[in-house]
Amino acid sequence: MVDTFSVESRLHIREFDEGRDVKVVGKLERKCEIGTKKGVSIFTNMMGDPLSRIRFYPLHVMLVAELLESKELVGVVRGCIKSMRTPSESLLKIGCILGLRVSPSHRYLINATYNAPNLRKGIGLKLVTSVEEWMLRNGAEYAFLATEKNNDASRNLFTNKCKYVSYSSLFIFVHPISFPAKQISKDIEIEKVNIDQAISLYRRTLMAKELYPLDMDSILKENLSLGTWVSYYKEGGLLNLQRKEESEDIITNEITSSWIIFSIWNTCEAYKLQLKKSQPLRFLHTTLNHARDKIFPCLRMSVSDSLCRPFGFLFLYGLHGEGENLGELMESIWRFTSRMGESLKDFTVVITELGFGDPLVNHIPQTASMSCIDDIWYTKRISSHSDEKDDELLIKRQIGNVFVDPRDF
């Protein structure tokens with residue numbers, strides 16, 4: 001059992017100071033790199049900006065855990081707040097917890113005075129409760145986080161210690177890229193739409209999701225969003241996107257068969273991943289909702305020279321399909337994204353994440369190089385003023401078709 005007094009008396013939680021903490025936090029997160037017994041380790045290269053993952057949100061914070069006596073930083077957590085809509089048209093302000101890290105040297109600290117053999121839980125718990133308090137002060141009603149299904153340590157911390165409940169199960173699909181990418185079928189057209197057309201299309205298609213952000217226009221306008229496309233069969237008809245002269249977009253869909261809309265997010269410009277030592281990769285333990293923790297269990301390959309350098313990936317988001325013949329269209333999307341990556345520096349994999357109830361899950365290309373791992377979203381009500389109907393919606397039922405925000409991955 002953790003002696004709370006020992007943690008409280010020795011630990012100070014404060015906001016990240018960009019002027020003095022950048023190098024220290026970078027060093028701390030490199031210490032938290034994930035590895036195998038043979039020495040393969042993975043860490044996130046934030047390219048000198050620890051806030052790069054959360055700068056997209058107007059409301060964001062990064063907290064650090066500092067030992068009072070030595071002033072050593074021993075932990076870090078990031079948080080952000082965004083507005084979401086539910087199927088019942090409820091508007092919710094939700095906080096997301098990202099990137100919880102505790103220094104390995106303080107995970108099992110023996111303290112004879114306070115008899116605290118497992119300080120890790122105390123530091124992690126204190127960081128989580130502190131970021132929850134920040135969210136509550138800024139109007140959030142619920143806190144959300146994600147962790148890999150087999151990560152027992154994280155699941156125990158959040159469900160047993162922090163009282164989070166499972167909210168949704170998702171699948172992360174990862175496909176390593178081989179150059180050159182395969183050609184797209186001549187029967188398929190992939191047409192790019194402009195920002196206004198994309199916003200109009202998503203205004204309609206997002207209604208099929210059980211939870212989605214209200215600021216989809218902001219996501220599409222981010223520099224890391226490379227664009228939005230629609231994939232469809234040429235013989236099925238043309239995609240006709242028209243615009244009123246003085247009003248909102250009118251979308252006339254003349255496609256008579258199947259089609260899929262998708263957008264691409266370029267993580268290569270925000271942060272990259274890196275390996276150390278050339279050993280075969282094994283399945284690795286994961287931590288909180290950090291892309292580097294989710295990708296490598298799926299890369300069934302040896303560490304090559306190219307992987308020893310920092311590299312990034314393209315993330316497919318906003319996927320929505322209609323029609324019966326979606327399999328070939330999905331395959332064309334993966335090939336299209338891979339071909340796009342050929343022009344990007346240090347591009348290695350294509351990734352997407354879909355809820356277990358998303359119809360497109362059944363149309364992901366089933367190839368030997370396509371890997372899948374299970375992800376779980378957890379939630380917790382932090383505001384005492386939330387409506388009971390919202391509690392029934394968010395906590396007591398599993399949702400299967402959700403929008404995965406590329407800013408959170």
Side-chain angles (χ1 to χ4, degrees), residues 7-8 11-30 32 44 46-68 71-84 91-103 106 122-147 154 157-158 161-164 213-215 218-219 222 224 267 270-271 287-293 377-386 405-409:
V7 175
E8 294 287 346
L11 198 65
H12 174 54
I13 306 296
R14 61 172 175 82
E15 285 198 27
F16 169 78
D17 186 323
E18 199 162 357
R20 60 171 170 153
D21 293 335
V22 170
K23 291 183 179 180
V24 180
V25 167
K27 184 177 180 180
L28 168 64
E29 295 201 306
R30 285 193 294 273
C32 295
T44 306
M46 293 288 187
M47 297 187 286
D49 183 11
L51 295 173
S52 62
R53 298 292 312 286
I54 54 177
R55 287 191 189 276
F56 305 109
Y57 299 98
L59 280 175
H60 64 263
V61 73
M62 183 171 176
L63 302 177
V64 297
E66 182 180 64
L67 293 181
L68 288 173
K71 302 301 180 182
E72 179 185 1
L73 296 190
V74 294
V76 63
V77 69
R78 297 166 178 84
C80 60
I81 296 176
K82 58 185 175 180
S83 296
M84 308 284 285
L91 301 180
L92 299 175
K93 207 170 183 181
I94 292 174
C96 299
I97 298 177
L98 304 167
L100 175 65
R101 297 284 184 267
V102 176
S103 171
H106 291 82
I123 295 175
L125 180 60
K126 183 62 177 175
L127 283 167
V128 172
T129 56
S130 296
V131 77
E132 287 175 351
E133 291 168 0
W134 173 85
M135 292 173 178
L136 186 58
R137 290 195 302 270
N138 284 277
E141 301 167 79
Y142 293 86
F144 273 67
L145 59 94
T147 188
S154 291
L157 171 63
F158 291 110
K161 296 291 182 180
C162 301
K163 307 304 179 185
Y164 282 77
L214 292 183
D215 62 341
S218 297
I219 299 174
E222 283 290 348
L224 298 187
T267 66
Y271 68 94
T287 55
L288 284 178
N289 194 24
H290 220 284
R292 68 100 180 260
D293 308 334
W377 284 7
Y378 291 91
T379 188
K380 171 185 176 180
R381 191 183 76 172
I382 58 177
S383 170
S384 59
H385 301 294
S386 296
D405 195 325
R407 298 170 296 185
D408 297 341
F409 196 85

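Just so you know, residue 1 is the first one in the sequence shown, and it goes up from there. Only heavy atoms go into these numbers, but all of them, side chains included; no hydrogens, no water, no symmetry mates.
- The main-chain N or O of Cys162 is found under 3.5 Å from a side-chain atom of Lys380 such that the two form a donor-acceptor pair.
- A heavy-atom distance below 4.5 Å is not found between the side chains of Glu141 and Arg381.
- When Leu98, Leu145, Ile97 are each tested for a side-chain contact (heavy atoms from CB on, under 4.5 Å) with Val131, only one passes: Ile97.
- Minimum interatomic distance between Leu11 and Ala65 (heavy atoms only, all atoms of both residues): CD1-CB, 3.9 Å.
- Put simply, OH on Tyr164 and CD1 on Ile382 are 7.0 Å apart, with the number rounded to the nearest 0.5 Å.
- Pairing each heavy atom of Tyr57 with each of Ile81, the nearest pair is CD2-O, 4.1 Å.
- Tyr378 and Thr147 get closest at one heavy-atom pair: CE1-CG2, 3.5 Å.
- A distance of 10.0 Å separates OG of Ser130 from NE2 of His12, quoted to the nearest 0.5 Å.
- The heavy-atom pair separating Ile219 from Pro406 by the smallest distance is CG2-CG, 3.8 Å.
- With contacts defined as side-chain heavy-atom distances shorter than 4.5 Å, the pair Val77/Trp134 does not qualify.
- Contact annotation: the side chain of Lys161 never approaches that of Val128 to less than 4.5 Å [non-hydrogen atoms, C-beta and beyond].
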query: Going through the distances and angles, do Phe56 and Leu224 end up as a side-chain contact (heavy atoms from CB on, under 4.5 Å)?
result: CA-CA 10 Å; Phe56 305 109; Leu224 298 187; 3.2 Å; yes

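- At a threshold of 4.0 Å, the pair Lys163-Glu132 does not count as salt-bridged, since none of the basic side-chain nitrogens sits closer than that to a carboxylate oxygen.
- Nearest heavy atom pair, residue Met135 against residue Ala143, reads SD-CB, 4.1 Å.
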query: What's the verdict on side-chain contact (heavy atoms from CB on, under 4.5 Å) for Val22 and Phe16, showing C-alpha distance, side-chain angles and the deciding distance?
result: CA-CA 8 Å; Val22 170; Phe16 169 78; 3.8 Å; yes

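- Distance check: Met84 CE to Asp215 CG gives 9.0 Å after rounding to the nearest 0.5 Å.
- Salt bridge annotation for Glu222-Arg407: absent, with no cationic side-chain nitrogen under 4.0 angstrom from a carboxylate oxygen.
- When each of Leu127, Val102, Val64, Asp21 is checked for a side-chain contact (heavy atoms from CB on, under 4.5 Å) with Val76, only Val64 meets the rule.
- Closest approach of Arg55 and Glu18 over heavy atoms only: NH2-OE2, 2.7 Å.
- Going from atom CG of Asp408 over to atom CZ of Arg78 covers 13.0 Å, rounded to the nearest 0.5 Å.
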- request: Applying side-chain contact (heavy atoms from CB on, under 4.5 Å), run through Leu63 and Glu15 and close with a yes or a no.
  value: CA-CA 4 Å; Leu63 302 177; Glu15 285 198 27; 3.8 Å; yes

query: So Lys93 and Leu59, side-chain contact (heavy atoms from CB on, under 4.5 Å) or not? Walk me through it.
result: CA-CA 11 Å; Lys93 207 170 183 181; Leu59 280 175; 4.2 Å; yes

